[in-house]
Amino acid sequence: MPLAQSLHESHSDKSRIVIPDIDLPKEGVGGIVIGGDFQGLGIARSLGRRGAPVCVIDDEPSIARLSRYTTHSVRVKDLHDEQKAIDALMDAGRRMNLKGWVVYPTRDETVAALSIHRKELSKWFRIPTPDWETIKWAWDKRNTYKLAQDLGIPCPKTWFPQTLDDVRRIEAKFPLILKPAIKEHFVYTAKVKAWQVNNPKELVDRFTEATAFVPAGEMMVQDLIPGGSSEQQYGCCVFFKEGQAIGTMLAHYLRSHPPDFGRCSTFVETVEDPELEELSLRFLRAINYYGLAEVEFRRDPRDGVLKLLDVNARTWGYHSLGVTAGVDFTQMLFQDQLGNAVTPARARAQVAWLRWVTDLPVGLHGLFLKRWGLFEYWKSVMGSDTEAVFDSRDLLPSLAEAALVPYHVLTRGY
């Protein structure tokens, strides 16, 4: 059943999962990573380096399963479907006796599925994902922006048209962007996070195109904040518990891929920004959040205001930067789930992270458009402190990532 349909049903009655109550063990416990791309690889390495076993579950060719730190690997047909994802998790848990293991989702749709089924799954696994009453504020940006407005957190001017007539009535200065309220229903088909529209006709045409694969009412029209996809973009990354950030990392996205509306960051540097931090924590406190989260903002050069874009209720793409900068988010969450004390930590500023396989085409694109010079780009690459995948002690994932570039071009559009 598609997740969009399930979210409009009564979740308390819909689950087919029947799990007996058991005591969750603390010895021999590991981590279950759902989604084994570079993001999942960072989780596997963080846990494995400290001796915890790791199980990777994925529905794609996975680089994380090739890591020396991965002890179990499961390939399934589909993780996008809510019930199939939950069934795959339960099947792996029972077959491999993964009782009490901590579950790490790497995709938004997996976060939603775990949240919906949290009560039953928690009888077998440790599920850090909060329940739906919390997650709904991050899952659907219509909820996100409404709450942000109530909290006094700035957002880009946004319209929520239901029909083509609503779209035609929008009066705004172009260019604008057309983007989904729920990522899952747009990104996997369009292979981008948003579309730029430069005039009313383009807006109508693109909105019409989106209605073929996005449920009614889920496409938003938003003011386009000037600047490239990343020059003005920032993230507040936290391990959040009981209203406080136990682990904190503030980041500036210097390059993203694709260049216009990046699905993922390719070059990131840690910074200090008290305003970014305060606004992010205000939102997380309001939804009673627990766990790992990244809150994304963009600074509008027209007025200097930080404006909320997105809230990711999971590990984010560059979370492994935290290890180099002094905050191991994966390990913090793992220890807290086992009931162990967690020492607060804060990332050092000016520590840089690079993912070469996606940053290289971005770099070349920028050189072609003269956004930066060759020396400037090369200096940033050589000055990075950590690479997303390459590790001399764990080489197979790097080799696999390079080999998978043609596959990713076909399936993800880059």
Side-chain angles (χ1 to χ4, degrees), residues 38-50 69 104 230-241 243-256 262 264-284 289 291-299 306 309-312 314-336 340-356 358-359 372 376-394:
F38 71 100
Q39 185 178 346
L41 175 65
I43 300 171
R45 284 173 171 169
S46 171
L47 296 174
R49 285 168 182 155
R50 300 202 185 190
Y69 302 107
Y104 292 83
S230 55
E231 288 92 337
Q232 312 294 338
Q233 201 144 324
Y234 297 83
C236 176
C237 313
V238 295
F239 167 49
F240 199 77
K241 180 181 180 181
Q244 301 297 323
I246 310 302
T248 307
M249 180 173 71
L250 307 177
H252 182 195
Y253 311 166
L254 295 168
R255 293 192 290 271
S256 296
C264 59
S265 300
T266 67
F267 187 77
V268 176
E269 185 177 65
T270 55
V271 295
E272 286 292 347
D273 191 324
E275 182 187 10
L276 169 66
E277 185 173 356
E278 190 280 323
L279 293 171
S280 301
L281 301 191
R282 190 191 308 176
F283 189 94
L284 296 176
Y289 192 77
L292 306 183
E294 178 205 30
V295 187
E296 296 183 4
F297 283 82
R298 192 161 183 173
R299 190 175 295 280
L306 278 171
L309 295 184
D310 203 0
V311 180
N312 293 311
R314 50 168 173 77
T315 50
W316 49 99
Y318 60 92
H319 73 90
S320 59
L321 169 59
V323 177
T324 304
V327 190
D328 191 336
F329 290 101
T330 298
Q331 193 60 222
M332 281 185 148
L333 182 65
F334 186 76
Q335 294 302 325
D336 192 69
N340 300 326
V342 177
T343 302
R346 187 177 190 86
R348 303 187 308 277
Q350 297 185 316
V351 182
W353 172 97
L354 171 78
R355 187 185 178 209
W356 78 267
T358 47
D359 192 65
W372 45 70
E376 179 186 359
Y377 175 68
W378 182 248
K379 183 179 177 181
S380 71
V381 170
M382 297 306 294
S384 62
D385 299 284
T386 184
E387 207 278 331
V389 175
F390 178 79
D391 185 333
S392 60
R393 299 161 297 178
D394 190 27

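For the single chain, residues carry numbers from 1 onward in sequence order.
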Nearest heavy-atom approach of G291 to L333 is CA-CD1, 4.2 Å
Is the closest basic N to carboxylate O distance between R49 and D394 below 4.0 Å?
no
Can any side-chain N or O of S384 pair as donor or acceptor with the backbone N or O of L354 at less than 3.5 Å?
no
Decide, yes or no, whether a salt bridge links R348 with D385 under the criterion of side-chain N to carboxylate O below 4.0 Å.
no
Quick one, L254 and V268 - any side-chain contact, counting heavy atoms below 4.5 Å?
no
Taking every non-hydrogen atom, the tightest pair across M249 and A347
CG-CB, 3.5 Å
Okay, side chain of D391, backbone of R393: is any donor-acceptor separation there less than 3.5 Å?
yes
More than 12 non-hydrogen atoms from neighbouring residues, nucleotides or ligands closer than 6.0 Å to CD on Q350, yes or no?
no
Does the Lys NZ or Arg CZ of R255 fall within the cation-pi geometry relative to F267 - under 6.0 Å from the ring centre and within 45° of the axis?
yes
All ring pair (Phe, Tyr, Trp, His ring centres under 6.0 Å) counterparts of Y289, not counting sequence neighbours
none
Of all heavy-atom pairs linking V342 and M332, the shortest is CG2-O, 3.6 Å
With sequence neighbours excluded, residues passing side chain to side chain donor-acceptor pair (under 3.5 Å) with T315:
Q39
Could you list the residues that satisfy ring pair (Phe, Tyr, Trp, His ring centres under 6.0 Å) with Y104, not counting sequence neighbours?
none
All heavy atoms of A388 vs all of R45, minimum pair found to be O-NH1, 4.1 Å
Shortest non-hydrogen pair, E294 vs W316, comes out as OE1-CB, 3.4 Å
For F329 and H319, I'd like to know if the aromatic rings sit close, meaning centre-to-centre distance below 6.0 Å.
no
S280 side chain to L276 main-chain N or O, any donor-acceptor pair under 3.5 Å?
yes
Testing the basics here: between E296 and N312, what is the closest heavy-atom pair and its distance to 0.1 Å?
OE2-ND2, 3.2 Å
Test log, rule side-chain contact (heavy atoms from CB on, under 4.5 Å), inputs L279 and F297
CA-CA 9 Å; L279 293 171; F297 283 82; 3.6 Å; yes
Step by step, would you call Y253 with Q232 a side-chain hydrogen bond (donor to acceptor under 3.5 Å, both in side chains)?
CA-CA 8 Å; Y253 311 166; Q232 312 294 338; over 6 Å; no
Taking side chain as C-beta onward, heavy atoms only, is L41 less than 4.5 Å from V389?
yes
Assess whether side-chain contact (heavy atoms from CB on, under 4.5 Å) is satisfied between C236 and V238, documenting all intermediate values.
CA-CA 7 Å; C236 176; V238 295; 3.9 Å; yes
So, R299 and E275, do they make that salt bridge, N to O below 4.0 Å?
yes
If the plane angle is over 60° it's perpendicular, under 30° parallel, otherwise tilted; pick one for W353 and F38.
tilted
Note, T248 side chain near V327 side chain (heavy atom, < 4.5 Å):
no
D359 side chain reached by V381 side chain, heavy atoms, under 4.5 Å:
yes
If you apply the rule side-chain contact (heavy atoms from CB on, under 4.5 Å), what do you find for Y234 with L306, and how did you get there?
CA-CA 9 Å; Y234 297 83; L306 278 171; 4.2 Å; yes
4.5 Å side-chain heavy-atom contact, F334 and L47
yes
For Q335, which residues count as a side chain to side chain donor-acceptor pair (under 3.5 Å) partner, sequence neighbours excluded?
Q331, N340
Output all residues satisfying side chain to side chain donor-acceptor pair (under 3.5 Å) with T330, sequence neighbours left out; order by chain, then residue number.
none
Criterion side-chain contact (heavy atoms from CB on, under 4.5 Å) on R282 and E277, from CA distance to verdict:
CA-CA 9 Å; R282 190 191 308 176; E277 185 173 356; over 6 Å; no
Say whether, by atom type as modelled, one donor and one acceptor occur between the side chain of S46 and the main chain of I43 under 3.5 angstrom.
no
Nearest 0.5 Å, what's the CG-CD distance between L281 and Q244?
8.0 Å
Hey, what do you get for NE2 (H252) to CD (E269), rounding to the nearest 0.5 Å?
8.5 Å
The criterion is salt bridge (charged side-chain N to carboxylate O under 4.0 Å, His left out); which residues satisfy it with E387, sequence neighbours excluded?
none
